[in-house]
Each structure stands twice: as C-alpha cells, then as structure tokens.
Amino acid sequence: MHTYILRFIKTVFTGLIPFLFLSCNGTQSKKKDRNADIAGPGRPNIVLILGDDLGYGDVSAYGNTRVHTPHIQELADNGMCFDNMFTSTAMCSPTRQQILTGLYPVRNGAYPNHSHVYEGTRSVAHYMQDAGYRTAITGKRDFGNKASFPFTFLGGQNWDNGKGRGIDLQKAREYMEKGGKPYFLVVASNQPHVPWVRGNADAYPPEGIEVPGYLVDTPETRQALSKYYAEVTYLDSLVGQCVDMVRQSSGKDNTIIVFTSEQGAQFPFAKWTCYDQGLKTAFIINWPGRISPGSRNSALTQYVDVVPTLLDLAGVDPDTVNTGNKAVNGETGFDGKSFRNVLFDGENAFRDYVYGVHTTRGIINGSDNYPVRSVRNKEYLYIHNLNASETFTNIETRQGVVTSWKKKDRERAEAYSHRPEKELYDVRKDPYQLNNLAPLPEYEDVIRKMDRELQAFMGQQGDEGMLTEARAGMRRNKQ
C-alpha cells in the first residue's frame, strides 16, 4: 500500500516539476517565447515620422474621410493603429523631448514651451548608439540641450514659412543606404503647424467643410480648417515619400515605420490643453511580417512608452537603462514601459491611467500662471485647473478663431478662457468634452478616486503644482 502511495506522489511531483520551473521563471520563458515574434534577419531599422500639431481625428485612419490622407491610411492598412495613445502635454517642444527620452515633462525638465531637458538627461539617440545603431534626424529639432540628443543632423528647419524646402528627404534616403549598422531615423515634419502655407487649400472649400463638434461654426473657423486640412494633406505626401524610400531600400523587409501626429492642432480646446483634442494622438506602427496588417488596439498607452518599446524591439532590455535623470524616489529608469505585448499578443490592456501636464509659461501671449493637470482612464477624464481664478490666454484668445466665436456662441468662447477648478468628462459618451460632470454629486466618488491617482502621479514626478509653474518661468529665463 505504501509502495503505491509513494509511486503516486513521485509521479505527481515529477509531472509538476516543469510547471514549477515555468512559474518560477515565468518572465524568462515568456521573454524567450516573445523573441520569436521579432525573429528575422538581424535587428530592425527604425523610422519615426513625427507630424506637428496634427489632431488625431483629422486623418482618414482615425475617422475623418473628408481629409485626403491616402499614405497615412496605407500605413494603417498595413500596420497597427493605436486608438488610445496620448502625449502628456500638448506643446511641441515638451512633447518631442518626452517621446525621445521616455520621461514625463516635469521630471525631464522640459515642461515649459521651448525649454530644454535637465543636463545629464539621456535620450533614445544614446541608447540606440550604445546598441550599435546609427542615429539621425531630419527636419524640425525642437529639443535641447545638444548633449542630450546626439543625433546626426541631416538638415531641415524648425519653422516653415512656405519658402524653399522645409525638409530634405534625399539626405534621409542616402542615410538609409550607408550600411554597416542598422539605423534609427527621425523624420520630423513642420506640418501642419502654423503658419498654414503648404498644400492646396482650394481642395477644401470652406463652405463644404464639416466643422468638428468641439469648435464653433463661423466663417473664420471654416477658413482656418481649409488651410489646416491642406497642410495635413501635404504632410501625408511627405509620409508617402518616406514609405517609398523605405520600400526602395535594401533593408525594406526589416524596417519598422512609426507614424505619430504629435498633439492637437492649434485650435481652441485642442493644442495647449489637456482635453482629448489636445493630448490624444494618432499612432501607427508598421513592421512587415511581424505586426498584423489592418489591426487596431484600444490599450491606454503614452508617449513615454515609445522609447522603451523600440529599444525592446531592437533587442535592448529597457529595464536596464539609466536615463541620467533621477526620479523623486532616486530611480533612474524610464517613466514609460514597453508595450511589446500589445503589438504581438493582441492585448488591449496596458495602462490603467494616462496623465496630462500643461504649463502656460513659454507660450505666445500665454497666461502668467495657469497650470493644468489631468488624469484619464478608459471611462473618465479628470482635469484640475490649479489656478482657475486666472484667465487662460494664448495667441488663440488674442487673434485666433476664438475671437470670432464671441458673436455666435459667447458661452463656448468664454469656456475656453474661464474654467472651473475641476472638470470631469465621460469620454465614452462625450468625446469632445462638452458636458462637465464635476458639479454633479453622483460623481463625487469618481472625482475623489481620480484626484488621488493624479496626486500620486504628481508626487512621483516631483510636481508641486503652483510652485512648479513658478519655476517654469525661472527655467525659461535661464535658456
């Protein structure tokens, strides 16, 4: 009897050994399995195409079929669209330094407009070079200091007035074919940032435009949209040229192309705000034979996750990286994390929350002290205007389309400049954030929960709200 019992125990235990090993070494086994997803002829080349002030919903891949964007659509048809990718600040310089460092703006130091990251902060250029990559950028360079972004510069300008060539893609083509090492190339357009001087506005007659629901329908709004959409189509042509260059290159079968829109357009309730029209971005990733064509996912992701992910795909463990920048708790790793599982495992869950940080310092005609912070999940967007008693101003309130709204919809115009301290929106029912739920007592628990999450994020970042806003002015003065 005892012999049978001993045999039974031995059999069961022997059968459990492989499962116990997998449990104890689950991360290693999973990583090994996932490496099969990127197996191929060596490390991939990577091309990151950045739009400039492009609203996520203003291309056909994200629902606006009235705007002609066939090349961006083709990328979507052959790759994966992210339906919940967010920047954390709707301003060019902080957004670009955020996506290239994998660190949120307050922590990296570039949270006022046209500011620079703290000295010693490292970027994707360092990490890719350490991994044996060549790194270069062509077009707009809205970042600093130079030591933090050691890209080879292939030409271009930070401002496009419509004269000459804003970006030289021929040099990018030559760079792709240098050989010897894989490359990481940033193609940074100026479009569709103002001034809207590129493209054919006649293709978008103002009277035929469908005005988005977050804007007020005035002749001035329609005229602006006409010029803006023309530049969106011009940007799309640049995307098409980039894709053609990759397809004609020797590394065409092992090149990742990423396209992202950067942030919201320069319209009220978009750029320079924490509403979805400001922080939500178009994000498409294409990798032939690796990423399922025509796929979409709804995972909450943020720009700080992009560099960790690209490093992961290049064979670098992002958890081992020292960013050269210490968080409040002393850690030097990324704020973001790799969403590789989203790309290959079909997962639609990644983050529980994404965060917004906005300062008006450094903006043309910006308010002297109007910090805005936000937190969002898949249900609600919570916004805390830390100094709501002040008037929110920028160039749009002085000479933009919002000035034309006052005659037709003064309430909407005033809502842009004068906001309550707390705002809460149901993003599923109210995608344009028109109905503030914060005053309603039935949402008190939601607000408390979201506010706790926001305070925890600010604490991790060393964000002291009004004091941090005041320091933004000091940082600007030192530049």
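Here the structure is a predicted model, which means the values were calculated and not measured.
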With no hydrogens and no angle check, do the side chains of [X] and [Y] hold a donor and an acceptor under 3.5 Å apart?
X    : Y    : result
N64  : E210 : no
T391 : H418 : yes
S189 : Y234 : no
D236 : T69  : no
S93  : Q97  : yes
E347 : N341 : yes
Q263 : T87  : no
D305 : Q302 : no

Please find out if less than 6.0 Å separates the ring center of [X] from that of [Y].
X    : Y    : value
F267 : Y228 : yes
F82  : F339 : yes
F392 : Y416 : yes

Is there side-chain contact between [X] and [Y], with heavy atoms separated by less than 4.5 Å?
X    : Y    : value
P150 : H126 : yes
E379 : D426 : no
I383 : Y275 : yes
Y214 : R412 : yes
Y370 : R361 : no
I285 : I256 : yes

Any salt bridge linking [X] with [Y]? Criterion: basic side-chain nitrogen under 4.0 Å from a carboxylate oxygen.
X    : Y    : answer
E74  : R247 : yes
R222 : E207 : no
R96  : D142 : no
R296 : D83  : yes
K406 : E414 : no
D160 : K140 : no

Distance to the ring centre below 6.0 angstrom and angle to the axis at most 45 degrees; does that hold for [X] and [Y]?
X    : Y    : answer
R376 : Y355 : no
R122 : Y127 : no
R141 : F153 : yes

Working to the nearest 0.5 angstrom, can you tell me the gap between [X] [atom1] and [Y] [atom2]?
X    : Y    : atom1 : atom2 : result
D52  : E231 : CG    : CD    : 9.5 Å
F143 : N145 : CZ    : CG    : 10.5 Å
T360 : N394 : OG1   : CG    : 9.0 Å
T138 : L154 : OG1   : CG    : 5.5 Å
I284 : S261 : CD1   : OG    : 9.0 Å
W405 : E220 : CH2   : CD    : 11.5 Å

Quick check: are there more than 12 heavy atoms from other residues, nucleotides or ligands sitting under 6.0 Å from [atom1] of [X]?
X    : atom1 : answer
K378 : NZ    : yes
L434 : CG    : yes
Q170 : CD    : yes

Exercise. Do N348 side-chain atoms and S298 backbone N/O form a donor-acceptor pair below 3.5 Å?
Worked result: yes

Exercise. Hey, is the main chain of V211 close enough, under 3.5 Å, to the side chain of D217 for a donor-acceptor pair?
Worked result: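 The answer is no, because no donor-acceptor pair under 3.5 Å joins these two groups.
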
For this session: Kindly assign one of parallel, tilted or perpendicular to the pair H384 and Y382, based on the angle between their ring planes and the thresholds 30° and 60°.
Result: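 Tilted.
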
For this session: Give the C-alpha distance, both sets of side-chain angles, the deciding distance and a yes or no for side chain to side chain contact (heavy atoms under 4.5 Å, CB included) between N435 and K429.
Result: CA-CA 10 Å; N435 182 27; K429 299 177 182 178; over 6 Å; no

Seminar exercise, completed: Tested for side chain to side chain contact (heavy atoms under 4.5 Å, CB included) against I363, the lone hit among H358, E396, K271 is H358

Exercise. Checking side chain to side chain donor-acceptor pair (under 3.5 Å) against Y303, which of D335, T95, T260 comes through?
Worked result: T260

